[in-house]
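Some notes on the structure that comes next.
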Amino acid sequence: MRKINLGVLASGRGSNLQSIIDATERGEVDAEVRIVISNNSKAYALERARNHNIAAVHLSHKQFESGDAFDDALIEMLKKHGVELVVLAGYMKLISPKVCEAYRHRILNIHPALLPSFGGKGMYGMHVHEAVIESGAKISGLTVHIVDEQYDHGPIVLQKTVPVRDDDDPDSLAARILPEEHKMYPEAIQLFAEGKIRVEGRRVYTT
Ligand code: GRF
């Protein structure tokens with residue numbers, strides 16, 4: 001099967017990026033990471049890309065006079081590398097309407113909880129797991145969704161539950177969810193590569 005070209009946007013350590021690269025290199029996903037872009041020049045994700053001879057680019061709003069100029073540069077960079085699917089992997093910036101429009105239904109995000117709960121602005125990193133534990137929920141999980149103009153809001157592609165244990169703290173809960181992310185994100189990308197993701201309103205059909 002033809003491989004689709006991925007562009008990964010990441011702000012931090014990039015463990016999900018790594019799992020995607022590994023899955024593509026093992027041939028489990030019909031895709032190739034063509035470029036990794038980070039708003040953070042020190043992101044370890046960029047290092048991981050370089051280690052695999054993948055283009056690694058620091059692109060930040062701070063380098064541009066306007067949000068619009070940033071958007072144009074981002075879209076141009078993605079197009080230049082033939083990116084067909086944009087994968088957010090711990091990317092801390094909101095995707096603008098212009099970029100959403102340019103890649104409508106072709107941007108994925110992963111979130112370490114069961115959306116539509118425990119998502120939205122400020123719900124990132126350990127804040128998510130803290131909120132889940134404080135809520136008293138017995139179940140958390142992970143979600144892969146299509147990105148729209150709002151944080152953690154677009155149509156849901158895949159979800160999996162993970163138990164919250166009585167003795168959990170945010171770190172232990174995160175540690176139970178992260179390995180599941182590393183499995184689920186490549187699965188979602190493969191669904192996309194196989195043309196199996198069909199969006200109708202807020203519902204995604206994958207068969
Ligand atoms: C993950 O927990 C992911 O769900 C969230 O940000 C974290 C990124 O971790 N969106 P990493 O940079 O992929 O290790």
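Being a predicted model, the structure only gives us computed values, none of them experimental. Counting starts at 1 for both ligands and their atoms, following the listed order.
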Exactly which residues line ligand 1, taking a heavy atom under 4.0 Å from it as the test?
R13, G14, S15, N16, G90, I110, H111, P112, E181
Would you call [X] and [Y] a salt bridge, taking side-chain N to carboxylate O under 4.0 Å as the test?
X    : Y    : value
D152 : K121 : no
R203 : E200 : no
D68  : K98  : yes

Identify whether L115 and M184 are in the same connected component of the hydrophobic contact network (ILVMFWY, side-chain heavy atoms under 4.5 Å).
no
Sub-4.5 Å side-chain heavy-atom contact between V83 and Y103:
yes
Quick one: are R165 and R176 in side-chain contact, heavy atoms under 4.5 Å?
yes
